[in-house]
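Computed from a predicted model, the values in this text were never measured in an experiment. Letters A, B, ... mirror the listed sequences (proteins, then strands); counts begin at 1.
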Amino acid sequence: MADDKKLTTRAADFSAWYNEVVLRSELADYSPVRGCMVIRPNGYGIWERMQRQLDDMFKATGHQNAYFPLLIPESFLQKEAEHVEGFAPEAAVVTHGGGKKLDEPLIIRPTSETIIYSMFAKWVQSYRDLPLLINQWANVVRWEMRTRLFLRTTEFLWQEGHTAHVTHDEAEEEARKMLGVYRDFMEGYIAMPVVTGQKTEAEKFAGALRTYSCEAMMQDNKALQAGTSHNLGQNFAKAFELKFQSESGSTEFAWNTSWGVSTRMVGGLVMTHGDDNGLRVPPLLAPIELVIVPIYKTDEERAAVLEAAQRIVRSLTEWAGRGTERIRVHIDSREGIKPGAKYYEWELRGIPLRLELGPRDLASNQGVLVRRDTRVKRPISLGTIGEDVSDTLSVMQRDMLAAALDRREANSVRERISYDHFRQLMDGQGGFVYAGWCGDPACESQIKEDTKATIRCLPDEEFRSADAPTSCLKCGRGATSEALWAKAY
RNA sequence: CGGGACGUAGCGCAGCCCGGUAGCGCACCUGAAUGGGGUUCAGGGGGUCGCGGGUUCAAAUCCCGCCGUCCCGACCA
């Protein structure tokens, strides 16, 4: 496994620290193909748990899974003007098949609006066929200039929801509802607090009427767009003739939404919770919640400790205090590796809890439980280990969210500051700045040019300042809205 | 695509300036001891020196070309 004993510290260089944690905790590796990563079992285990939870949430809100083709005819992409402009530059194109040049090139999907709405058009005739609520788990390809493990890879795994509705308001409600589902998941499972809000015209999805997003703050104070939800209006319905007959007999175009989250969330997890000892995985997403490290000298002790460890595993997996969701536990019984080396290894991989178990413990029917987030050690009785472990995991899940929230608020600026002060801030420590905006795209792009900061979103009411800003951060004219400014990934 | 750095064992690097038997640390394999926070000793395996060409008696080293990676910009879930 890892060769160097210590991790580069975050303070020195966040990027180097991030890459090192991802590689050394065995979440992912570089692949032979430019910009594509290999997701290793440790990373895929976390993604799998994210998938399972989100999938349950999508089903609970009435959605069904389906699957659409990887290859999309080039002409499909061109049917929606803004969409092709946004995605053509980063398209990967298949030009040959069966040894012959294709009449029409095929695009490897960068997103599936076009192919999906072309099918929706066949499936929908009447208002009675609506709403149509579909989700797809898939891989997509976007040929980005620069890539970064999990955050921006050429190929990535994601989920894209696509729906069709009778009215604008119903589509709007759907887009909003799914944004809320994302927020619940990110805060409840990744323990990563987010600010929700609407994207500006400059930042919205190519082809959307309106885009909403979840914005999280990483430990270097930069923003990560962790999920988006779009009200597509009738743009794609018109491009693909997705029409239906209304109750009154008229022919109408449907209203669509699309929404997605990706393997980028794994990167967000690392940059939200990692520390100088490696990764920290929130318990609800950890493939293994508790690792037992046996300690022994003699063969007899080894036999006794391993036997006790197996008893604990049985009692934990049979413990029904969490209903059908059993505690995920692993015994590290590898020989020839000292316990201390195992501690470091499991800490690097971010496993939430460790149980140290040796002859001294067995004598008193206890073990030493160590939390990954705080690294605090505590003796626990083996008699009530199910309750104890389960409770500790719940506390950790809450504590990790609270810590991330505290950090975000400590690095957010809500006082009205001058543009000079803002530039200084963005040049130095960064962070989230809430400030007025006149609504003029010229101010928006000038600020981006000056500072590299962008409007992450126009925050939803819950996140807005108590005293609404009255003037624009840049030009001083009257503010039409409050904007969240930050440098972003 | 512009600016910078780099490519030598699985990983991290030295060697290159000044050409002459390819090295070090970690990891890996074998054996013994060790074992409550990164064990120790002994032995061992593993390399087309990114690729192609040139100069030379001789190239990891000098010259030319190409490819790739990373960092900084423009693009982005």
Sub-4.0 Å heavy-atom contacts from residues 288-310 of chain A onto RNA chain B, ordered by number: A:I295, A:Y296, A:K297
A:H83 and A:F236 aromatic centres sub-6.0 Å: yes
Span that lies between the C1' atom of B:G52 and that of B:C76, in whole angstrom: 36 Å
Identity of whatever pairs with B:G36 - Watson-Crick or G-U, under 3.5 angstrom: none
P atoms of B:A42 and B:C26, separation to the nearest Å: 12 Å
A:N19 side chain, from C-beta outward: closest of B:G37, B:U39, B:C71: B:C71
Atom-pair distance (CZ on A:R378; P on B:G36), nearest Å: 23 Å
A:E85 atom CD, neighbour heavy-atom count above 12 within 6.0 Å: no
Stacking check A:F156 vs B:A77 (5.5 Å / 30 deg): yes
Sugar-phosphate only, base, or nothing, as touched by A:E347 at under 4.0 Å among non-hydrogen atoms: base
Distance in Å, A:D373 CG paired with A:M400 CE, rounded so as to fall on 0.5 Å steps: 6.0 Å
Nearest-angstrom distance, P atom, B:G50 to B:A14: 14 Å
Comparing A:R360 and A:Y30 on RNA chain B - which has the more 5′ nearest nucleotide: A:R360
Whole angstrom value for the distance that separates P of B:A77 from CD of A:E113: 11 Å
Touch class at under 4.0 angstrom, heavy-atom based, for A:R354 against every strand present: base
C1'-based separation of B:G44 from B:C6 [nearest Å]: 33 Å
Carboxylate-amine/guanidinium proximity below 4.0 Å for A:D399 and A:R371: yes
Atom-to-atom span, CD of A:Q51 to C1' of B:A77 - whole angstrom: 16 Å
Aromatic ring proximity A:F150/A:W47, centre distance under 6.0 Å: no
Closest to side chain of A:S262, choosing from B:G37, B:G36, B:A77: B:A77
P-based separation of B:G19 from B:G12 [nearest Å]: 30 Å
Short side-chain N/O contact to B:G37 OP1/OP2 from A:N277, under 4.0 Å: no
More than 12 heavy atoms from other groups under 6.0 Å of CD on A:E173: no
B:G45 - base-pair partner by Watson-Crick or wobble geometry, distances under 3.5 Å: none
Rounded distance in Å - CZ (A:R334) to P (B:U39): 12 Å
For nucleotides 73-76 of chain B, list the nitrogen or oxygen atoms of the protein found under 3.5 Å from its nitrogen or oxygen atoms, one pair per line.
{"unit_1": "B:G73", "atom_1": "OP1", "unit_2": "A:K452", "atom_2": "NZ", "d": "3.3"}
{"unit_1": "B:C75", "atom_1": "O2", "unit_2": "A:E144", "atom_2": "OE1", "d": "3.2"}
{"unit_1": "B:C76", "atom_1": "O2'", "unit_2": "A:E144", "atom_2": "OE2", "d": "2.9"}
{"unit_1": "B:C76", "atom_1": "O2", "unit_2": "A:R152", "atom_2": "NE", "d": "2.1"}
{"unit_1": "B:C76", "atom_1": "O2", "unit_2": "A:R152", "atom_2": "NH2", "d": "3.0"}
{"unit_1": "B:C76", "atom_1": "N3", "unit_2": "A:R152", "atom_2": "NE", "d": "3.3"}
{"unit_1": "B:C76", "atom_1": "N3", "unit_2": "A:R152", "atom_2": "NH2", "d": "2.8"}

Who pairs with B:A27 - Watson-Crick or G-U, where each distance is under 3.5 Å: none
Any-strand Watson-Crick or G-U partner of B:C18, both distances under 3.5 Å: none
Ring centres under 6.0 angstrom apart (A:Y117, A:F120): yes
Separation between the P atoms of B:G20 and B:U61, rounded to whole Å: 11 Å
Counter-base of B:G65, judged by Watson-Crick or G-U geometry with both distances under 3.5 Å: B:C51
No-H, no-angle donor-acceptor pair, A:K342 side chain to B:G35 base, under 3.5 Å: no
Sugar-phosphate only, base, or nothing, as touched by A:Q225 at under 4.0 Å among non-hydrogen atoms: sugar-phosphate
Reported CZ-to-CZ distance for the pair A:F432 and A:R456, which is rounded to 0.5 angstrom: 8.5 Å
Atom pair distance, as rounded to whole Å: OH in A:Y343 and P in B:G35: 14 Å
Sugar-phosphate only, base, or nothing, as touched by A:G260 at under 4.0 Å among non-hydrogen atoms: nothing
Watson-Crick/G-U partner (both atom distances under 3.5 Å) of B:G2: B:C72
Test log, rule side chain to side chain contact (heavy atoms under 4.5 Å, CB included), inputs A:R372 and A:W346: CA-CA 9 Å; A:R372 172 63 183 89; A:W346 291 110; over 6 Å; no
N/O (side chain, A:K338) to phosphate O (OP1/OP2, B:U40) under 4.0 Å: no
Verdict with supporting geometry, A:M271 and A:L151, side chain to side chain contact (heavy atoms under 4.5 Å, CB included): CA-CA 10 Å; A:M271 292 196 297; A:L151 299 187; 3.5 Å; yes
Between B:G45 and B:G10 - C1' atom distance, rounded Å: 13 Å
RNA chain B: 5'-proximal contact among A:E203 and A:T147 (nearest heavy atom): A:T147
Pairwise P distance for B:C29 and B:G54, with rounding to whole Å: 43 Å
Interatomic distance where CG belongs to A:D220 and P belongs to B:C71 [whole Å]: 14 Å
Pairing residues for A:A483 by the side-chain contact (heavy atoms from CB on, under 4.5 Å) criterion, not counting sequence neighbours: A:W437, A:I455, A:L458, A:W485
A:R24 CZ to B:G12 P, straight-line distance once rounded to whole Å: 12 Å
d(CE, A:M271; C1', B:A77) in whole Å: 12 Å
Lys NZ or Arg CZ of A:R354 over A:Y343 ring: under 6.0 Å, within 45°: yes
